[in-house]
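All values reported here derive from a predicted model rather than from experimental measurement.
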Amino acid sequence: MAENEATTAYQSNTHKQQLGRFKSTKFKENFAGYMFVAPMLIGTTVLIIIPIFIALAVSFTDWVFISGFQSANFVGLENFKTMAQDAPFIQSVVNNIWLILAVPLTMALSLVLAVVINKNVYFKGFFKVIYFMPYISSIVAIAIVFQLLFHPSYGPINEFLMSIGIDNPPKWLADSDWALVSVIIITVWTSIGFNLIIYLAGLQNIPADLYEAAEMDGASAWVKFKNITVPMLSPTTFFLLITGIIYSFKSFELIVVLTEGGPGYSTSVIVYYLYEQAFENLKSGYASAIAITLLGMLLVITAIQWIGQKKWVNY
Amino acid sequence: MNRLRRLNAKKVIITIIMFAIGLLFLMPFIWMLSASLKAETNVFSYPIEWIPSDWKWDNYRRVWFGEQPFILYYWNSIKVTVLTTLLSVTVSAMAAYGFSKIHFKGRNALFLIVLATFLIPAQAILVPQFMMYRVLNLFDTHLGLILLNSFSVLGTFLLRQFFSSIQDDYIDAAKMDGASHFTIFYKVVVPMMIPAISTYAILRFIWTWNDYQGPLIFLRSDHLSTIQLAIERFSTSSGELYSLIMAGSVSAILPLIIIFIIGQKYVIEGIARGGVKG
């Protein structure tokens, strides 16, 4: 406190002096600013922004990686037309849409857990740690252990289901009808921790007197949850929704290790299909067209959410 | 008095219920650990043998000193992770300082551009990155892998959130004393922000250690493999040796769990703060 006062006094003394040097200060300030952000900006430009433009250019060609770039031809929108007819690609888009379902599901479960943990349990810190463990663990290790847990004939999950009288439990990852469900279950399991932590932090910011006032009016726990907690948390919910959906389009590692998009294309997602086209079939042109389409989709989805937030987010 | 006791009983019951739900989150880890110490024939025995009847510590010896050079993979992971963390923390802290405490022309526009790159899935630019890496001779090198993860939007964003909370008075006072931004950065801001920087360093460590996609695409030589890549290959090539695969997986996640438990306060607070204020 005393330190701050001293600073302010010091500032006003030197104020005049500062005005005189304003011009050179301004230049120094700009120069320092650019120096500090330069490494980040150069890195981002070289590793992200330039590649986007290259991807855009390549997406209009029929380039196949092994044949060298000289042999590539300009094909206009051909790749994009192919995409519209490409059944595995369309299936991957549909799977991505199903995967988005994991986002609100995770958020709802996390919200309930957060509200309960926030006020009603002992060892709050302990619960934060255990729910958060899947989030910090390697996806490779998680995928490998779930392959075994979900093993159709002797995995512990099916052994358990059979022991409680379900004779024909699903074959999970081996069954094309259940594989995507299994992926969603694992995704929810790994992301609850993150959502829970963010919701718990959001709950700390709700003023306690709102609840006290509601209690004086005799509001039930449900009414308080519905009329205070949910609306007050809407900025947090918006943040989790928007980042959750972006992340759901990025889920690649889990799919590669867990299912390689299979059985068939039942768990393929856009980024997995893109990877397969680019690095297994070496169709660089086509893969780039998929990349550009994906970027377009993300831009549109994000824009819709930004516009929609005005209707339901209370700031 | 009576009422107080009843409320506590309610809290105890809820704690027990939440612990039961929490077990769902712990069980796969416990199962993994337990399977890694069992004889192969007992891995799938049902009812689950949570505590191995016959402790097979030998599984770990077979993984670590078997045909695969696990120690080398581990060393590769440590090297890549530590160097990426150091570089990324430096780059992000500098950018965060520039974007929060220096008033230069075009600051907000540049920050917005950096922030917008968060939208871009890494997979969408793999093909051009791969081409560039081959041209620049960064393909199949650890340096390439380190550079790939060192320019983090999330890191810059998170640290900027923290740095914004520093009062401008401190910086103005130091400027009056004739200190340059560089001096202010490493003599005033960095020491004040050690907790925030530790938060990001731990997160970056965890993310890089767990990275599978980077090594999968940008490394080819076996002797450069990181632990994640090695574990995945090991699990595909070892077929039915599940106890060994589990021992490998435990080895891959154990360092992280230890780091997380030590730094959990920083990690959880950092995530909460970076998220909510966004």
Sub-6.0 Å ring centroid separation between B:Phe130 and A:Phe279: yes
Quick check on side-chain contact (heavy atoms from CB on, under 4.5 Å): which of B:Leu24, B:Leu26, B:Ile21 does A:Ile130 satisfy it with? B:Leu26
A:Ala287 to B:Val127 - nearest heavy-atom pair and separation: CB-CG2, 4.3 Å
Show the nearest heavy-atom pair for residues A:Ile136 and B:Ile257, with the distance to one decimal. CD1-CA, 4.2 Å
Could you tell me whether the side chain of B:Ser249 reaches within less than 4.5 Å of the side chain of A:Val145, counting heavy atoms only? no
Partner chain A: residue of B:Leu229, B:Ile217, B:Ile13 with the largest heavy-atom pair count (under 4.5 Å): B:Ile217
A:Leu295 side chain reached by B:Pro121 side chain, heavy atoms, under 4.5 Å: yes
Picking from A:Leu294, A:Leu148, A:Leu274, which has the most non-hydrogen pairs under 4.5 angstrom with chain B? A:Leu148
With a 4.5 Å heavy-atom cut-off, do A:Ile139 and B:Gln228 have their side chains touching? no
A:Glu29/B:Lys175 salt bridge by N-O under 4.0 Å criterion: yes
Quick one: which of A:Ile192, A:Ile270, A:Ile49 has the most heavy-atom pairs under 4.5 Å with chain B, could you say? A:Ile192
Taking atom CD of A:Glu260 and atom OG1 of B:Thr236, what is their separation to the nearest 0.5 Å? 7.5 Å
Are A:Leu113 and B:Met18 close enough that some pair of their side-chain heavy atoms sits under 4.5 Å apart? yes
pair A:Thr243-B:Phe118: side-chain heavy atoms closer than 4.5 Å: yes
For a 4.5 angstrom cut-off between non-hydrogen side-chain atoms, does A:Phe146 reach B:Pro28? yes
Does the Lys NZ or Arg CZ of A:Lys128 fall within the cation-pi geometry relative to B:Phe25 - under 6.0 Å from the ring centre and within 45° of the axis? no
Look at the rings of B:Phe19 and A:Phe126 and say which category their plane angle falls in: under 30° parallel, 30 to 60° tilted, over 60° perpendicular. parallel
Do B:Phe260 and A:Phe132 make the cut of ring centroids closer than 6.0 angstrom? yes
Looking only at heavy atoms, the pair that brings B:Leu147 and A:Leu47 closest together is O-CD1, 3.5 Å
Compare every heavy atom of B:Met131 with every heavy atom of A:Trp63, then report the nearest pair and how far apart it is. CZ3-SD, 3.3 Å
